[in-house]
Amino acid sequence: MYIQPRGNYKLIVGTDSQVHPAHTLFITGIVIQNAGKGAWACIRKCSIPRKMLQLHERISFETSLTEEVVALFDEEKKNKMIDIVLPFIYQGASFTMEGHLDIGAGSRNKTKEYVAEMVARMESIGVEAKIKPEAYVASSYANKFTK
């Protein structure tokens, strides 16, 4: 962000999970995206030593892990990021935060009944919630590390 302070930045956090034979693996993706110019990304792993087969429990835990990482970006840290782009706002620079949820509202999606609950949780902590197909950090980036 310091190198290209005129960028359109998004801090995006999203979690996906995969049930394995002896555990359930959760991967939280943390991405700073500069629209059209690339991204910086990392992951955080969490393994629960049992098969979490109840969908609501797993989706809720994914959301909790996303909330936990978002909470690490307190006002001081967010303000430091905003201060980088602030002098360039009138030249198109921006900074936003998003929480990507690995759920969808489609009629054939098993997670559709949890959308309102999980979106409300994200919004209650001041983060714009995105669901499939816009939740690419959870459904694509984090997903590839859960296998």
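Because only heavy atoms are used, hydrogens play no part in the values below, and waters and symmetry mates are left out as well, while side chains stay in.
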Would you check if [X] and [Y] make a side-chain contact, meaning some heavy-atom pair closer than 4.5 Å?
X      : Y      : answer
Lys45  : Phe26  : no
Ile43  : Ile30  : no
Ile125 : Val70  : yes
Met1   : Met81  : yes
Glu62  : Leu101 : no
Ile27  : Arg44  : no
Glu76  : Lys78  : no

Is [X] linked to [Y] within one hydrophobic cluster, defined over Ile, Leu, Val, Met, Phe, Trp and Tyr using a side-chain heavy-atom separation of less than 4.5 Å?
X      : Y      : value
Met122 : Tyr114 : yes
Phe73  : Trp40  : yes
Ile84  : Phe88  : no
Val137 : Leu25  : yes
Val119 : Ile12  : no

Test your reading of the model: is there a side-chain donor-acceptor pair from [X] to the backbone of [Y], 3.5 Å cut-off?
X      : Y      : value
Asn79  : Glu75  : yes
Asp74  : Lys77  : yes
Ser124 : Arg121 : yes
His100 : Tyr136 : yes
Thr146 : Asn143 : yes
Thr24  : Arg50  : yes
Thr111 : Gly104 : yes
Asn8   : Gly92  : yes
Glu98  : Val127 : no

[atom2] on [Y] to [atom1] on [X], rounded to 0.5 Å:
X      : Y      : atom1 : atom2 : result
Leu65  : Cys46  : CG    : SG    : 5.0 Å
Ile32  : Asn34  : CD1   : CG    : 10.5 Å
Lys147 : Gln18  : NZ    : CD    : 4.5 Å
Thr15  : Ile59  : OG1   : CD1   : 10.5 Å
Thr66  : Met118 : OG1   : CE    : 11.0 Å
Ser94  : Ile82  : OG    : CD1   : 11.0 Å

Just to verify, what does Tyr9 make a ring-ring contact (aromatic ring centres under 6.0 Å, His included) with, not counting sequence neighbours?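 None.
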Can you name the ring-ring contact (aromatic ring centres under 6.0 Å, His included) partners of Phe145, sequence neighbours left out?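 Listed in chain order: Tyr141.
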For His56 and Glu117, does a side-chain donor sit closer than 3.5 Å to a side-chain acceptor?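 Result is yes, a qualifying pair exists.
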Does any donor atom in the side chain of Lys37 or Gln4 lie under 3.5 Å from an acceptor atom in the other side chain?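 Distance-only check fails for Lys37 and Gln4.
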Can you name the residues that form a salt bridge (charged side-chain N to carboxylate O under 4.0 Å, His left out) with Arg58, not counting sequence neighbours?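 Arg58: no salt bridge (charged side-chain N to carboxylate O under 4.0 Å, His left out) contacts found.
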Salt-bridge criterion met for Lys132 and Glu134 (N-O under 4.0 Å):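 Glu134 and Lys132: not salt-bridged.
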Determine, step by step, whether Ile103 and Asn109 satisfy the side chain to side chain contact (heavy atoms under 4.5 Å, CB included) criterion, reporting the C-alpha distance in whole Å, the side-chain angles of both residues, the deciding distance to 0.1 Å, and the verdict. CA-CA 8 Å; Ile103 55 179; Asn109 197 308; 5.7 Å; no
